[in-house]
2 protein chains.
Amino acid sequence: MALIDPLAVEFTYIQIANHIEARIDVGEFKHKLPAERALAAEYGVAYQTLRRAMQVLRDRGRIITRQGRGTFVAPPART
Amino acid sequence: MALIDPLAVEFTYIQIANHIEARIDVGEFKHKLPAERALAAEYGVAYQTLRRAMQVLRDRGRIITRQGRGTFVAPPART
DNA sequence: GGCGATTTGTACGTATGTATT
DNA sequence: CAATACATACGTACAAATCGC
């Protein structure tokens with residue numbers, strides 16, 4: 001599965017952020033997400049690159065991260 | 001001048017962000033800031049660490065960064 | 001309370017790409 | 001076209017918080 005294309009228009013960390021967000025939307029991740037380093041390995045990117053993607057999702061309000069605990073799906077924002 | 005103390009309570013990139021912000025406030029930087037790599041060398045930290053500090057200042061609304069052009073002091077926010 | 005395992009956080013140094021001058 | 005300057009990406013090491021035993 002050619003998930004990440006380094007030559008794509010979108011940057012790697014944006015592609016990953018979008019992909020993880022889709023996995024949240026589809027219900028694959030309901031509560032706790034895999035460890036950052038596990039996700040980095042899964043996507044075949046550097047840890048710091050995956051951290052960037054996570055930062056994007058935090059900015060989008062989709063995840064909540066706590067040191068030592070993990071990363072969790074954020075409750076849907078009230079509309 | 002022991003600018004950055006790796007053993008301080010604040011993280012390196014926060015210390016640097018605060019220090020650069022003070023230099024802006026004091027009028028040392030009025031328009032254009034030195035290049036990121038020059039600042040990294042001046043503070044004796046890695047380029048990516050200085051980039052983090054700059055991100056903090058962008059978040060604080062103190063600077064504006066443009067690829068290929070440089071980093072500039074942001075006009076004061078209206079109150 | 002201690003200890004180890006797990007997980008996120010910071011920091012480093014480097015390479016390459018992209019935009020501006 | 002060359003020099004300058006910001007942007008992304010990699011891989012690594014160590015620190016800090018949390019959890020289970």
Side-chain angles (χ1 to χ4, degrees), chain A residues 2-21 23-24 28-75, chain B residues 2-21 23-24 28-75:
Chain A
L3 278 182
I4 304 306
D5 174 13
L7 305 178
V9 179
E10 297 284 6
F11 292 123
T12 300
Y13 75 95
I14 298 288
Q15 289 181 64
I16 294 177
N18 291 341
H19 197 267
I20 293 178
E21 188 169 34
R23 294 171 79 177
I24 292 173
E28 179 180 349
F29 302 140
K30 289 178 175 45
H31 181 54
K32 191 173 191 298
L33 273 67
E36 293 180 337
R37 284 176 173 80
L39 284 172
E42 179 184 335
Y43 284 105
V45 298
Y47 172 60
Q48 295 293 358
T49 301
L50 188 118
R51 295 252 321 147
R52 261 176 196 272
M54 297 302 244
Q55 182 60 59
V56 169
L57 294 179
R58 277 192 290 274
D59 292 345
R60 291 181 187 171
R62 300 308 311 269
I63 61 173
I64 296 173
T65 305
R66 293 287 174 263
Q67 181 174 0
R69 298 187 56 178
T71 303
F72 306 86
V73 176
Chain B
L3 278 182
I4 304 306
D5 174 14
L7 305 178
V9 180
E10 297 285 4
F11 292 124
T12 300
Y13 75 96
I14 298 289
Q15 289 182 63
I16 293 178
N18 291 341
H19 196 267
I20 294 179
E21 187 168 33
R23 294 169 80 177
I24 293 173
E28 179 179 349
F29 302 141
K30 289 179 175 44
H31 181 54
K32 191 173 190 298
L33 273 67
E36 292 180 338
R37 282 180 173 77
L39 283 172
E42 178 183 336
Y43 283 104
V45 298
Y47 172 62
Q48 294 293 359
T49 301
L50 187 116
R51 295 256 317 149
R52 262 177 193 270
M54 297 303 243
Q55 181 60 58
V56 170
L57 294 179
R58 277 192 291 275
D59 291 346
R60 291 182 186 170
R62 299 308 310 270
I63 61 173
I64 296 173
T65 304
R66 292 287 175 261
Q67 182 174 0
R69 300 185 55 178
T71 303
F72 305 87
V73 177

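We name chains A, B, ... by the order of the sequence lines, and we start the count at 1 in each one.
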Could you run down the sub-3.5 Å N/O contacts of the protein with nucleotides 1-5 of chain C?
none

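A donor-acceptor distance shorter than 3.5 angstrom exists from the side chain of B:Q15 to the backbone of B:E10, with no hydrogens or angles considered.
Listed by chain and residue number, A:H19 satisfy the ring pair (Phe, Tyr, Trp, His ring centres under 6.0 Å) test with A:Y43 (two or more places apart in sequence, or in another chain).
Remark: P of C:dA11 and CD of B:E36 are 16 Å apart, rounded to the nearest angstrom.
When every heavy atom of B:G61 is checked against every heavy atom of B:A74, the shortest pair comes out as O-CB, 3.3 Å.
A residue-by-residue look at B:L33 and A:G44 shows that B:L33 has its nearest nucleotide of DNA chain D further toward the 5' end.
Interatomic distance, A:E42 CD to A:I16 CD1, rounded to the nearest 0.5 Å: 10.0 Å. Between the CG atom of B:L57 and the CG atom of B:N18 there is a distance of 8.0 Å, given to the nearest 0.5 Å.
Against DNA chain C, the stretch residues 46-64 of chain B makes heavy-atom approaches under 4.0 Å through B:A46, B:Q48, B:T49, B:R52.
For the pair B:M54/B:I20, a side-chain contact is recorded, criterion being any heavy-atom separation below 4.5 Å from C-beta on. Using a 4.5 Å heavy-atom cutoff, the side chains of A:V56 and A:R52 are not in contact. Annotation: side chain of B:R23 is not in contact with side chain of B:V73 (no heavy-atom distance under 4.5 Å).
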Contacts table for residues 30-41 of chain B: side-chain donor-acceptor under 3.5 angstrom, sequence neighbours left out:
unit_1 : atom_1 : unit_2 : atom_2 : d
B:K30  : NZ     : B:G27  : O      : 2.6
B:E36  : OE1    : B:Y47  : OH     : 2.8
B:E36  : OE2    : B:R51  : NH1    : 3.2

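Residue pairs meeting the side-chain hydrogen bond (donor to acceptor under 3.5 Å, both in side chains) criterion with at least one partner in residues 63-75 of chain B, sequence neighbours excluded, are B:R58-B:T65.
Distances were taken from every side-chain heavy atom of B:T12 (C-beta onward) to each of D:dA9, D:dC6, C:dA11; the shortest belongs to C:dA11.
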**Request:** Indicate for each nucleotide in nucleotides 15-20 of chain D, in 5' to 3' sequence, whether protein heavy atoms under 4.0 Å reach the base (B), only the sugar-phosphate (S), or nothing (-).
**Result:** -BBSS-
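Distances shorter than 4.0 Å separate some side-chain N or O of A:Y13 from OP1 or OP2 on D:dT8.
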